[in-house]
Amino acid sequence: MSEQRVASRYAKSLLDLAEEQGNLAAVKADMDLFSQTLDESRDLRLLLRNPVVNHDKKLAILKAVFGSKVSDLTMKFLSIITQKNRESALEYIGPEFIHQYNVLKSVQVAEVTTATPLTAELRTRMNTLVQQQTGSQEVQLTEKVDPALIGGFVLRVGDQLIDDSVRYRLQKLRTEFSKNPYQSQL
């Protein structure tokens, strides 16, 4: 079974258990911390994937890193995963849990790229634009700055892309001017 399918099932189990125990917000914060730590630490990811390292050693390292920072439910979950020899799936479980949590809570994730940092007013306008496009009540907006855009914005919501940047408009003009309507085209 692929790691992604395993991660999806374990994430769903953790989500259901946390919701059942009324501990969903704490577990969400734990999984945010866990995912961020794995993203930033290549060594930890490699350690979890390494089949040579004993499972007890991996669990001891996870307890040392996350023991006091995460809830008991999350720590027990990590213990079960290591006992089942599924540590390599942990890298995928965090993001999958966050994805399933966002689906459950109807949170729409969007990414906006602008030439300059967004002001509070523009951030609010982007949130309302995403809410209108998706019908979602809550929006989680990730901001990026790319000076190459010159002006405008690029908004990515799921698989939709709204490119209203000056760079895109200049490329469009360049394409239009490259066509010569007075030249016969055979």
Side-chain angles (χ1 to χ4, degrees), residues 1-113 123 126-127 129-131 133-144 154-162:
M1 193 178 311
S2 75
E3 296 293 330
Q4 194 63 38
R5 288 181 65 188
V6 169
S8 176
R9 291 178 181 178
Y10 276 118
K12 177 71 172 146
S13 299
L14 179 61
L15 184 76
D16 291 343
L17 184 61
E19 190 175 25
E20 181 181 304
Q21 292 184 359
N23 212 4
L24 190 58
V27 173
K28 165 70 165 75
D30 294 345
M31 294 313 282
D32 284 338
L33 172 70
F34 185 73
S35 294
Q36 181 183 3
T37 305
L38 282 180
D39 284 345
E40 293 171 358
S41 176
R42 181 176 181 265
D43 292 337
L44 185 58
R45 284 194 314 269
L46 291 175
L47 172 87
L48 292 174
R49 283 190 227 146
N50 191 342
V52 176
V53 179
N54 190 358
H55 302 291
D56 295 332
K57 184 76 170 171
K58 291 178 185 179
L59 181 59
I61 291 170
L62 287 173
K63 283 184 180 179
V65 173
F66 298 107
S68 62
K69 297 176 184 156
V70 297
S71 66
D72 290 336
L73 177 63
T74 305
M75 202 63 231
K76 287 177 185 174
F77 176 75
L78 294 175
S79 298
I80 290 171
I81 296 293
T82 54
Q83 289 170 0
K84 301 276 185 189
N85 302 333
R86 294 288 195 171
E87 303 92 358
S88 59
L90 281 173
E91 169 179 0
Y92 305 103
I93 291 173
E96 183 62 29
F97 178 87
I98 294 167
H99 171 73
Q100 289 183 16
Y101 176 85
N102 288 342
V103 169
L104 178 71
K105 296 293 184 179
S106 298
V107 176
Q108 183 62 53
V109 178
E111 178 183 299
V112 64
T113 308
R123 191 173 296 113
M126 285 294 162
N127 279 332
L129 177 65
V130 172
Q131 287 174 348
Q133 291 287 324
T134 62
S136 179
Q137 293 299 321
E138 189 176 341
V139 176
Q140 182 181 351
L141 194 63
T142 307
E143 301 174 23
K144 291 185 178 179
V154 177
L155 179 65
R156 181 178 300 277
V157 181
D159 61 348
Q160 293 180 331
L161 180 74
I162 300 171

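No hydrogens, no waters, no symmetry mates; every other heavy atom, side chains included, goes into these values.
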L90 vs I93 side-chain heavy atoms within contact, under 4.5 Å: yes
Given K28, M31, E96, the one that forms side-chain contact (heavy atoms from CB on, under 4.5 Å) with Y101: K28
Residues R123, E143; criterion side-chain contact (heavy atoms from CB on, under 4.5 Å); working and verdict: CA-CA 9 Å; R123 191 173 296 113; E143 301 174 23; 2.4 Å; yes
Interatomic distance, M126 atom CE to Q131 atom CD [nearest 0.5 angstrom]: 13.0 Å
side-chain contact (heavy atoms from CB on, under 4.5 Å) partner of V157, chosen from L129, V130, I162: V130
Under 3.5 Å donor-acceptor, D30 side chain and S71 backbone: yes
Pairing residues for D39 by the side-chain contact (heavy atoms from CB on, under 4.5 Å) criterion, not counting sequence neighbours: none
Working for side-chain contact (heavy atoms from CB on, under 4.5 Å), residues L155 and L161: CA-CA 6 Å; L155 179 65; L161 180 74; over 6 Å; no
side-chain hydrogen bond (donor to acceptor under 3.5 Å, both in side chains) partners of K12, counting only residues at least two apart: D16
Under the side-chain contact (heavy atoms from CB on, under 4.5 Å) test, residues paired with S88 that sit two or more places apart: E3, R49
Listed once per pair and sorted, the ring-ring contact (aromatic ring centres under 6.0 Å, His included) pairs that draw on residues 62-92, sequence neighbours left out: F34-F66
Table please: side-chain donor-acceptor pairs of residues 55-63 below 3.5 Å, with sequence neighbours left out.
residue: H55; atom: ND1; partner: N85; partner atom: OD1; Å: 3.3
residue: H55; atom: ND1; partner: E87; partner atom: OE1; Å: 3.1
residue: H55; atom: ND1; partner: E87; partner atom: OE2; Å: 2.5
residue: H55; atom: NE2; partner: N85; partner atom: OD1; Å: 2.9
residue: K58; atom: NZ; partner: L48; partner atom: O; Å: 3.2
residue: K58; atom: NZ; partner: N50; partner atom: O; Å: 2.7

Non-hydrogen side-chain atoms of L15 and L24 separated by less than 4.5 Å: yes
Min side-chain heavy-atom separation Q21-V27 under 4.5 Å: no
Heavy-atom closest pair, residues S106 and S136: O-OG, 2.8 Å
Close side-chain approach of V112 and K144, heavy atoms under 4.5 Å: no
Flag if over 12 foreign heavy atoms under 6.0 Å of CZ, R156: no
Pair Y10-K84, side-chain contact (heavy atoms from CB on, under 4.5 Å): steps then yes or no: CA-CA 11 Å; Y10 276 118; K84 301 276 185 189; 4.0 Å; yes
Close side-chain approach of Q133 and Q160, heavy atoms under 4.5 Å: yes
Which residues share a side-chain contact (heavy atoms from CB on, under 4.5 Å) with Q140, sequence neighbours left out: N102, V107, V109
Backbone N/O of D32 and side chain of S35: donor-acceptor pair under 3.5 Å: no
Check: S8 side chain, Q4 main-chain N or O, donor-acceptor pair, under 3.5 Å: no
Between CG on residue L14 and CD on residue E19, distance to nearest 0.5 Å: 11.5 Å
Inter-residue atom distance M75.CE - D72.CG, 0.5 Å rounding: 9.5 Å
